[in-house]
Every structure is written in C-alpha cells, then in structure tokens.
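First comes the structure, then the notes that go with it.
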Amino acid sequence: MLGTWFIQRAMSLSQRLPESLQGPKVREDPGQFIVRKLHVGPPLRDPLAKGLHWLYGTTWPLLLGTLAPRLRRKGWPQLLLAGAGLGAAVWAVGYLGWLPATGLTKPVYKERVSRTASGLLGHVFYGMLAAVPTLVNEQVTHRRRSGLRRWWG
C-alpha cells in the first residue's frame, strides 16, 4: 500500500514539474478507462476506478511477497533490488504493454526519453517501497523461527 500511495502521489505531483521532467502523458485515467469499458453507472464509476488503482498497485507487491522466500535473498540490498526489478516490470507491463495497446499512452519509442525515464524511475521507487513490508515480514518470521529452534534445542 505504501508503494501504491507513493506512485499515485508522485504521478499527481509530477504534473507540477517542468514538462521535460514529467512522466508519460496519459490520455485518460486507466481506472476510468476500464470502468467506462465495463459500462459502470455514475454512482459507482469513481470509487471503482480508484479501487482499481489500489488493486493493481497492491497485487504486484503481493506477488513479490509470495516469491520472496524463494528468491534466497539476504537482507535489505537484495530485496530492495528485487523491489526495483518489480517496479521496472510493472512499468514495462503498463508502458510497453497494455497502456499503448489501448491508446492511453504513446508507444515508448514515440515518447520523449526524459518522460520515459521519469516514469520508469517513479515505478522503480514504487517497487522498492513496496518491498519494505516484505522484508520486515521476512525478518520477523526469520527471528521467530530462529527463536523457536533455540528454545526447542
């Protein structure tokens, strides 16, 4: 949820930056686009669109959390690197995949390099923030397991 909050806030604030530093232009809010395609009525349209942002943004870190025990990483650097990779993958799925396919953004090769880099960097930070709760959970779980082993001998 921390990563999703960050990326939503960063995308909102990026509109105040000089144009060359802003992320890719999106023709329509992706949540609103999906809700419109589903023909959802006006009373539910906005809450459902916002809910889709949170669902999309929190599902990816849950996947990382599920895979974390299998990554065999050791501590903060490796998990933050995994989070950065997650953020880059989320960016790629969106900006190389479904967003240009639906016409919501230009294809990356038609976008300014600075806009592409800004969007990618924001998503990398999103992934790193999203990885923090996974790391905390892994460390707490590891300590509990270690404590039980010592106690049971």
Side-chain angles (χ1 to χ4, degrees), residues 1-35 37 46-149:
M1 292 179 84
L2 180 64
T4 303
W5 172 84
F6 166 79
I7 197 72
Q8 288 183 351
R9 190 76 179 129
M11 291 172 112
S12 171
L13 292 174
S14 75
Q15 301 307 312
R16 297 180 185 168
L17 294 172
E19 191 170 329
S20 63
L21 298 176
Q22 293 179 8
K25 292 284 184 195
V26 180
R27 290 184 179 89
E28 181 182 359
D29 175 83
Q32 292 289 342
F33 172 81
I34 292 169
V35 168
K37 291 292 183 182
D46 288 341
L48 185 56
K50 287 178 183 167
L52 287 173
H53 284 286
W54 284 96
L55 178 65
Y56 188 82
T58 56
T59 298
W60 292 97
L62 287 173
L63 178 63
L64 178 64
T66 302
L67 296 175
R70 293 174 190 86
L71 295 175
R72 305 219 194 291
R73 78 314 110 253
K74 293 180 170 103
W76 286 90
Q78 289 80 6
L79 193 58
L80 288 177
L81 186 59
L86 170 78
V90 171
W91 174 87
V93 166
Y95 289 93
L96 298 177
W98 76 275
L99 291 170
T102 57
L104 291 175
T105 62
K106 293 180 192 176
V108 171
Y109 64 87
K110 291 185 177 181
E111 189 62 82
R112 290 170 145 179
V113 172
S114 61
R115 286 184 180 273
T116 300
S118 177
L120 176 58
L121 187 60
H123 279 78
V124 166
F125 282 125
Y126 149 80
M128 291 170 72
L129 283 171
V132 170
T134 299
L135 180 62
V136 170
N137 181 55
E138 285 292 303
Q139 288 184 342
V140 167
T141 302
H142 176 74
R143 284 188 192 132
R144 283 185 188 151
R145 278 190 229 128
S146 296
L148 284 174
R149 282 189 210 121

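Atoms NZ and CZ, from K25 and R112 in turn, are 9.5 Å apart once rounded to the nearest 0.5 Å. Note that CD of Q22 is 6.5 Å distant from CG of L17, once rounded to the nearest 0.5 Å. The line from CZ of F33 to CG of L99 is 9.5 Å long, rounded to the nearest 0.5 Å. The distance from the CG atom of L86 to the CG atom of L129 is 11.5 Å, given to the nearest 0.5 Å. Atoms NE2 and CD1, on H53 and I34 in that order, are 8.5 Å from each other to the nearest 0.5 Å.
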Side chain to side chain contact (heavy atoms under 4.5 Å, CB included) between D46 and Q32, intermediate numbers included: CA-CA 7 Å; D46 288 341; Q32 292 289 342; 2.8 Å; yes
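For H123 against Y95, the heavy-atom pair with the smallest separation is CE1-CE1, 3.7 Å. The two residues E111 and K106 make their nearest non-hydrogen contact at OE1-CD, 4.1 Å. The two residues R27 and G103 come nearest to each other via the heavy atoms NH1-O, 3.0 Å. L64 approaches G83 most closely through the heavy-atom pair CD2-CA, 4.2 Å. Residues P30 and W98 come closest through the heavy atom pair CB-CH2, 3.5 Å. Considering every non-hydrogen atom in both A49 and D29, the closest pair reads CB-OD2, 4.5 Å.
With hydrogens and angles disregarded, a donor-acceptor distance shorter than 3.5 Å links the side chain of Y126 to the backbone of G57. Counting only distance, with no hydrogens or angles, the side chain of S12 and the backbone of Q8 share no donor-acceptor pair below 3.5 Å. When atom types are taken as modelled, the side chain of T59 and the backbone of L55 share a donor-acceptor pair closer than 3.5 angstrom.
Using bins of under 30°, 30° to 60° and over 60° for the plane-to-plane angle, the ring pair Y56/W60 lands in the perpendicular bin.
Residues V108 and W91 are in side-chain contact: their nearest non-hydrogen atoms beyond the backbone lie under 4.5 Å apart.
Around CH2 of W54, the count of heavy atoms belonging to other residues, nucleotides or ligands within 6.0 Å exceeds 12.
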